[in-house]
J.: 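Just passing along the structure, written as C-alpha cells.
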Amino acid sequence: MKPNGLPDLTRASVEALEGLVRYHNKLYWDDDAPELSDPDFDRLVRALRERAPGSPVLDELGASRFGEPVTHEVAMLSLDKCYGDDELADWLLDFEGRVVVSPKFDGVAASIRYDAAGQLARAATRGDGVTGDDITRNVREISDVPRRLLVAPPGPVEVRGEIFLRLSVFARHKDRFSNPRNLAAGAIKQKDPKKSAEIGLSFAAYEIFGLDAPTEHDKIDWLARAGFAPIERRVVEKGEVLEVYRELARRRPSLDYEIDGVVMKADRVDEQRRLGSTSHHPRFALAYKFQGDTGTSRLRAVEWSVSRTGAVTPIALVDPVALSGVMVSRASLHHPGYVAKLGLSLGAEVELTRRGGVIPNVERVTSPGDAPVEVPAACPSCGSELTPQGDFLLCSRTSTCRAALIGRVAHFVAAAEIDGFGERMLGELFDRGLVRAPQDLFSLTAAQLLTVPRVGDKLATKLVAEVARARTIRLDDFLRCLGVDDLARHVAKVLTRELAGLDAVLAVTPERLAGIHGIGEIIARSVTEGLRRERPMIDALRAVMTIEEPAPVAPPEGPLRGLSFVFTGKMVRRRREEAQALVQRLGGATPDGVSKTTSYLVIGDDRSDGKQSSKEKAARKLVAGGAGPKIIDEGEFEAIVAGA
Ligand code: IVH
C-alpha cells in the first residue's frame, strides 16, 4: 500500500481494480462515508478505465440500486476505435459519400425515449448495453433535453447521446470531485432529482431511432430543431476528414467540455444500412482517439508570449523528454485557465503527450511542485493592462501591442509561405517602422532591408523577390492568411468553392454560411465577424496583391466528362494544381481522395522517396478487391489529356 491508502495501481489486476472501484463508489455515493480523497478516487477510476475501458463497473458509478432496469430495444453498442491515419484511410474506403465528423464527448451514454406525441417517456443509462437503469427523473432536469419535442416525431422515437458536465460548470464542484466524467456518472444516478439538477448536467444528442432521414446530418439537424442542444457536426469529403480531426485536436483545450477523440460516421443512411454492425460496434462509425506517446518530465518555468490576437499565452518549459521519437522541451499551456485546471506549479512532475500525434501537450500533474506559477499583471510585450475573458487573458491594446502586431505579420508570412521573415527579422522591421502590418511587406525595398543588421545585398534581393512572388495569391490561400478564427484551410476552400469571389465572401451573412454543408452556425458567425473586423486590412491587402478567383464553375462539359482523376506523389511534368485544372477544363473531376468510383489514380514520376502514399495504398487495396481506379503514371496521363 502507498501512504494514501491505494495500492500500486499499475500492478493491480483488472479484477482488483474493479473491486476497489465498487467498494469506494459505494462508500462515497451510498454511505456518504468516503475513505479516499476525491483525487484518489478519481485516480482509481482512471486506472480502471485505462486498463479496461469496457468494464461494466465504470457504468455503475453513482448510487447503487438506482432505478428500475430498462431493456434497450436496440442494443447500445460501442464505437470502433482507431489511433492512426492509416486505419482511418482504410475505413474511409468502406463506403461511399461524405463523412459526418463530431467531437467524442467524454461522459456517460444515455437513451431517451419519446412517445408518438413527442413527450419524454423514459430515460436509461447504457448499463451493459442490453439493460440499463431508469434515470428518467434526473434526465428531465437536464436543460439540453426537451421534455416535449418541438417538432412532432413520425412516431415513438429514441434519442441517444452523452450526458456530460461542462468544464465551466464543473469548476463550481472542483473541490468535491476532480474529474467531470465521474461527477456526471454519479450525478445522473443521484436518488434525489433536485440534487442531480443542482449539479448542472449537459446532454449532447448524437443519434436517433425511428426517424426516417436520408443522411446522418439530417438526423442531427432534426434533433436540434426538436429542441436538443445542437452538437457540433461537420459534413466533409473524405479527403478533408483528417484536417477536421486535427482542427478539433487543436481546439480541444479551448472547448468547454472534455473530448477524448473525434467520431466519424458515413453520412448516407443507405450506406450505413449496407455496412451494418458487429455485435460490438457499427461498421459505419469510427472513433479516432487522441493519443500520443506519453512521457513524464518536470516543469522548470512558464514563459508568457503574446499571440496575434493579444492572448497572453503560457508556455511550459520542461526538462527534455522523448515523445514518439521527438525530444520535447516546450509545450503550449493554451491559456491561464488551463494552468489553473491542471493545478500546475513550478517544479511539478507532469505527464506530456503529443495530441493528435503531433502537438506536445501537458496532460496532468503527477506530483505537485513547490512554487506557484505567476500570472503576469500586465502585457509582457507592451505593458498594457490585461483583460480577463473566460479562461483567457488578453492584452487590452492589440492595435498598438508590438508582439500582437508582429504576430499578425508572422501568421501572414507563414500562411502565404513567404520565406526569410522569422520572428527576429519581423522584430527588426517592426522597430524600424518598416513593417507594422502584412500589407507593409509589399512596399519593402532592398535599400530598407539593408538597414537591418546582418542583411547584405544578396539577402535583401532574395527577400524582396520572396514578397514579389507572394503578391499573386489564390483566393482560398488569401482567406487563410488573414488569421481569422475558424477560417483555416477547410473553411477557406469551402468559401471559395461556394461563393463567387472575394466580394461575395465579404458580403456573406452568417445565415447563408451556416447553410453550406460542412459549416455550422458557430463557425459561420465567427468567420463573418472576423472578416468584418479585418476589413481594413483586407482592403489594404487587396490594393497591393493580385487575388486569383476561380472561374465560376460551369457544368462539366468536355471530353473527360464522367471521369475522375486523383493525383498523388511528386509530379515532374506539371504541378499537381496545373494538372487538376487541366482535367477540370476538359470536363473531368478531381476529387481529393480515392474511392470505388475514381477512374484514375495518377502517380507522380518522382518516386525518389520510394514510399507508397496512402492514396496509392488505398487504390491498390481497391484494385485487389476487383474495383477501384486504374493506376497510371504521368506519361499515361499526358497521353490521355493529349487525346482529349
Ligand atoms: S455515435 C454505437 N457520437 O462514445 C454508438 N458516440 O466509446 C454510436 N460518444 O457509446 C455512438 N460522443 O456514448 C457517438 N459524437 C458522438 C459521441 C459518442 C461520445 C460515446 C458514446 C459511445 C461511446 C463509445
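The structure presented is a predicted model; accordingly, all values stated were derived computationally and were not measured. One-based numbering, in listed order, for ligands and for the atoms of each.
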J.: Could you list the residues that satisfy side chain to side chain donor-acceptor pair (under 3.5 Å) with Asp486, not counting sequence neighbours?
T.: Ser526

J.: Using a strict threshold of under 4.0 Å (side-chain N to carboxylate O), is an ion pair present between Arg46 and Asp40?
T.: no

J.: Using the test salt bridge (charged side-chain N to carboxylate O under 4.0 Å, His left out), find all partners of Arg283 that sit at least two apart in sequence or belong to another chain.
T.: none

J.: Which protein residues come within less than 4.0 angstrom of ligand 1, counting heavy atoms only?
T.: Leu77, Ser78, Leu79, Ser102, Pro103, Lys104, Phe105, Ala109, Glu162, Tyr206, Glu207, Val263, Lys265, Pro282

J.: Considering only NZ, NE, NH1 and NH2 on the basic side and carboxylate oxygens on the acidic side, decide whether Glu87 and Lys81 come within less than 4.0 Å.
T.: no

J.: For Ile522, does the CD1 atom have more than 12 heavy-atom neighbours from other residues, nucleotides or ligands under 6.0 Å away?
T.: no

J.: Can you tell me which residue pairs pass the side chain to side chain donor-acceptor pair (under 3.5 Å) test with a partner in residues 102-120, sequence neighbours excluded?
T.: Arg49-Asp106, Ser111-Glu158, Gln119-Arg148

